[in-house]
Amino acid sequence: DLAGSVFTHSFGRMGSLRFDANNELMLVDIVDDRLRLWRLVDATLCQEYVLSDLPAFRVMMSHDCNTLAILTIEHQLILVDLAAQRQLSPLRAHAHPIWRYCFSPDDRWILSGDTSGLVCVWDCQSGQLVQKYQLAHQAITGLAMAPDGVTLAAATVDGTVYLWSLVNDGPLHTLHG
């Protein structure tokens, strides 16, 4: 119940907000090179990360709240293991800027899509590339994984949506918008 929670802290210039899947933590993506995790039940600051050498453009927290995915202003994707408080090496497979990314429902993988239509699947624990798919030759503007953890959906700038099976390693459907 969040009715009694009042945040009186001044956040300064703010980039974005994210909630964890359990409505227990809130991530505040700050423009002043800091990320802050707040406990919602009592409005207290849990953790703060200084990102002076990682200028964050967009930040996403995994469903289990153990991993942060940071897209830098240079369109580089970096994973941070919050429990171990360590940064994994930047995920390098894209020759073009990454526009979209998402976690799999079980947080085992993170998917990234770039402006060339390339989608990469990464292991969240190791940061290793698992698979690459050239789904289109246009920018990926939307990316999602179905709750089954098997079906990938990628939207492109022209409104086309590609449905792909990670189990069969092949296309399921192409939806033209």
Side-chain angles (χ1 to χ4, degrees), residues 14-29 35 37 51 54-83 87-177:
M14 196 179 320
S16 61
L17 300 170
R18 302 281 187 266
F19 288 98
D20 73 335
N22 300 321
N23 288 330
E24 294 172 0
L25 295 173
M26 180 176 66
L27 172 71
V28 180
D29 168 10
L35 292 173
L37 283 172
L51 302 172
L54 294 175
F57 174 66
R58 185 176 296 131
V59 177
M60 185 179 294
M61 189 172 3
S62 62
H63 303 93
D64 64 10
C65 301
N66 290 328
T67 307
L68 280 180
I70 302 168
L71 184 62
T72 68
I73 58 173
E74 292 87 17
H75 295 279
Q76 207 175 42
L77 191 58
I78 297 169
L79 296 180
V80 177
D81 182 333
L82 294 176
Q87 174 185 319
L88 298 176
S89 297
L91 308 181
R92 300 186 195 274
H94 292 279
H96 300 275
I98 296 170
W99 272 13
R100 294 290 180 256
Y101 60 101
C102 67
F103 285 96
S104 63
D106 62 1
D107 294 322
R108 180 177 168 202
W109 299 321
I110 188 163
L111 291 77
S112 56
D114 71 19
T115 58
S116 75
L118 179 67
V119 173
C120 293
V121 180
W122 308 87
D123 181 275
C124 281
Q125 293 296 313
S126 67
Q128 297 296 311
L129 180 66
V130 175
Q131 189 61 266
K132 292 193 304 187
Y133 302 101
Q134 187 68 51
L135 296 185
H137 295 287
Q138 299 180 54
I140 300 294
T141 57
L143 196 57
M145 183 172 270
D148 65 9
V150 172
T151 306
L152 162 70
T156 58
V157 72
D158 72 347
T160 303
V161 176
Y162 297 89
L163 299 177
W164 196 271
S165 170
L166 297 179
V167 170
N168 298 330
D169 198 25
L172 294 172
H173 302 285
T174 302
L175 311 173
H176 300 283

Practice task
Taking the side chain as every heavy atom from C-beta outward, state whether Ile110 and Leu91 have any pair of such atoms under 4.5 Å apart.
Solution key: yes

Problem - For Met60 against Tyr101, the heavy-atom pair lying closest together - result: CE-O, 3.3 Å

Exercise for the section: Quick one: pull up OG1 in Thr156 and CD1 in Ile140 and give me the separation to the nearest 0.5 Å. Expected result: 6.5 Å

Fill in the blank from the handout: Heavy-atom nearest pair, Arg100 first then Leu143, reads O-CD2, 3.7 Å

Exercise for the section: Locate the shortest heavy-atom distance separating Ala139 from Trp99; write the atom from each residue and the value. Expected result: CB-CZ3, 3.6 Å

Practice task
Quick one: pull up CG in Leu163 and CG in Leu175 and give me the separation to the nearest 0.5 Å.
Solution key: 5.0 Å

Practice task
Look up atom OG1 in Thr67 and atom CG in Leu88, then write down how far apart they are to the nearest 0.5 Å.
Solution key: 8.0 Å

Handout entry: Any donor-acceptor N/O pair, Gln134 side chain to Ala136 backbone, under 3.5 Å
Key = yes

Handout entry: Considering all heavy atoms, the nearest Leu71-Ile98 contact
Key = CD2-O, 3.8 Å

Distance-only donor-acceptor hits, side chain of residues 113-130, under 3.5 Å, sequence neighbours excluded:
from: Asp114; atom 1: OD1; to: Ser116; atom 2: N; distance (Å): 2.7
from: Asp114; atom 1: OD1; to: Ser116; atom 2: OG; distance (Å): 2.7
from: Asp114; atom 1: OD1; to: Gly117; atom 2: N; distance (Å): 3.2
from: Asp114; atom 1: OD1; to: Leu118; atom 2: N; distance (Å): 3.1
from: Asp114; atom 1: OD2; to: His94; atom 2: ND1; distance (Å): 2.7
from: Asp114; atom 1: OD2; to: Ser116; atom 2: OG; distance (Å): 3.4
from: Trp122; atom 1: NE1; to: Ser112; atom 2: OG; distance (Å): 2.9
from: Asp123; atom 1: OD1; to: Gln125; atom 2: N; distance (Å): 3.0
from: Asp123; atom 1: OD1; to: Ser126; atom 2: N; distance (Å): 2.8
from: Asp123; atom 1: OD1; to: Ser126; atom 2: OG; distance (Å): 3.1
from: Ser126; atom 1: OG; to: Gln128; atom 2: N; distance (Å): 3.1

Exercise for the section: Give a yes or no on whether the backbone of Asp64 and the side-chain of Asp107 come within a donor-acceptor separation of less than 3.5 Å. Expected result: yes

Exercise for the section: Taking all heavy atoms of Asn66 and all of Ser62, pick out the closest pair and write down the distance. Expected result: N-OG, 3.2 Å

Handout entry: Leu111 and Met145, any side-chain heavy atoms less than 4.5 Å apart
Key = yes

Handout entry: Residues which pass side-chain hydrogen bond (donor to acceptor under 3.5 Å, both in side chains) with Thr174, listed by chain and number, not counting sequence neighbours
Key = none

